[in-house]
Amino acid sequence: MICNKFLISDSITKQILGALLKQWPLIVVLILLLLVPVLSAMIAPHLSSAIVGNYWYQLVLLTLLVIILITACHTLTTIFSLLKRETAITWCQISILIIIGMWIICFLVISDVKSHPRFATALGVLGTVVVWIFQDTIKGVMAFIHLRLNRLLCIDDWIQVPKYNVDGIVTRVSLTTVTLYNWDTTTSSIPTSALHSDSFINLQKMREGKTYGRRMYKTFILDTGWFHKLSAEEANKLKQLDEVIRYLPKEEIHEGMTNAQLYRLYLFHWLMNHPHISQMPRLVVRWNEQKECGMPLQVYAFITDTVLPSFEWQQSQIIEHIIESLGWFGLRLYQSPSSYDVSNANIFLTKKAATYRNE
């Protein structure tokens, strides 16, 4: 159809025309209604003026015109969302507000509220009820204006809304709802007001590489039973490891210092020299408060590869290196004893070792 050709055009004028033509059934009805007084004038002139001045005729024409314009604005919003024209989307939604406002003003003028006090009272009560019913919609309108004016939300932004368990890409923003395509390939729609009243996280700048990187925040619980001071033999052995002395001077490795302290220094320098780790805004390797299960070692760093597959690949390699290098310093990760550990311990409750086979 010609309206679809206009909608995919690069010209905004043609796109507006295409959105209007898409409502051709309603436009045909509107034209027929406009022709009624003209046809009536041919038969009886006084009948034509009576029709034009009729309250219900004017209200139907006005309402039909408003429906056509609002539907066209919704169509344009969808098109502009696909084309990622942020300014055009905003103006489409503002146009809907203007159209609704004009409809209310014209409705009051047509109704001649001043000459009907009882009708005015009833209209005031009805307006109060309508505002109460659509209070969430009104909040959504205010939230939309706030988000758009401050450019807090755009099409294709990656956002997280913890309260609604939403994590994905924004595909559409309207006065009342925000539609997202989640990473698990599902689609979510949340009220626009929720992004104003509740907190949300916009990760788009990080995704585009406009920050220092994507945060890696991991905690490794070490078994304190393996903490000890280095002997001269252990210190000399570490000095022979190329992987260690590449990042730690031999002078810093000496007898008497704890293996946990030396490992923390090694890991910090190793991360400082990692090609995929940013030294800004912060790089922290620290001990957290001791727990019953062991001593937590926390790594807080930013990986420069922000795309999900690359980030997860680099993070996995870093974790694997941390696990591997623990053994060089005589350290172990803590793990709660399993049935296998208990049955293979050096101390048995019976004289005979336990087996897993039913005998």
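As the structure is a prediction and not an experimental result, all values here were calculated from the model. Positions are given from 1 along the sequence.
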Please report the shortest heavy-atom distance between [X] and [Y], naming the atom on each side.
X    : Y    : value
S174 : T192 : O-OG1, 3.2 Å
Q290 : P296 : CA-CD, 4.1 Å
L333 : L222 : CD2-CD2, 3.6 Å
T171 : L180 : OG1-N, 4.1 Å

Using a 6.0 Å distance limit plus a 45 degree cone around the ring axis, check whether R215 lies over the aromatic ring of F302. no
Mark yes when over 12 heavy atoms from residues, nucleotides or ligands other than [X] sit less than 6.0 Å from its [atom1]; otherwise mark no.
X    : atom1 : answer
K237 : NZ    : no
M257 : CE    : yes
N165 : CG    : no
W328 : CH2   : yes

Pairs touching residues 300-311 that satisfy side-chain hydrogen bond (donor to acceptor under 3.5 Å, both in side chains), sequence neighbours left out: H276-D305
Can you tell me how the ring of F329 sits relative to the ring of Y266, calling it parallel under 30°, perpendicular over 60° and tilted otherwise? tilted
What's in the same ILVMFWY side-chain cluster as W158, cut-off under 4.5 Å, chained through other members? I169, W183, I201, L203, M206
Using a strict 4.0 Å threshold on nitrogen-to-oxygen distance, state whether D198 and K163 make a salt bridge. yes
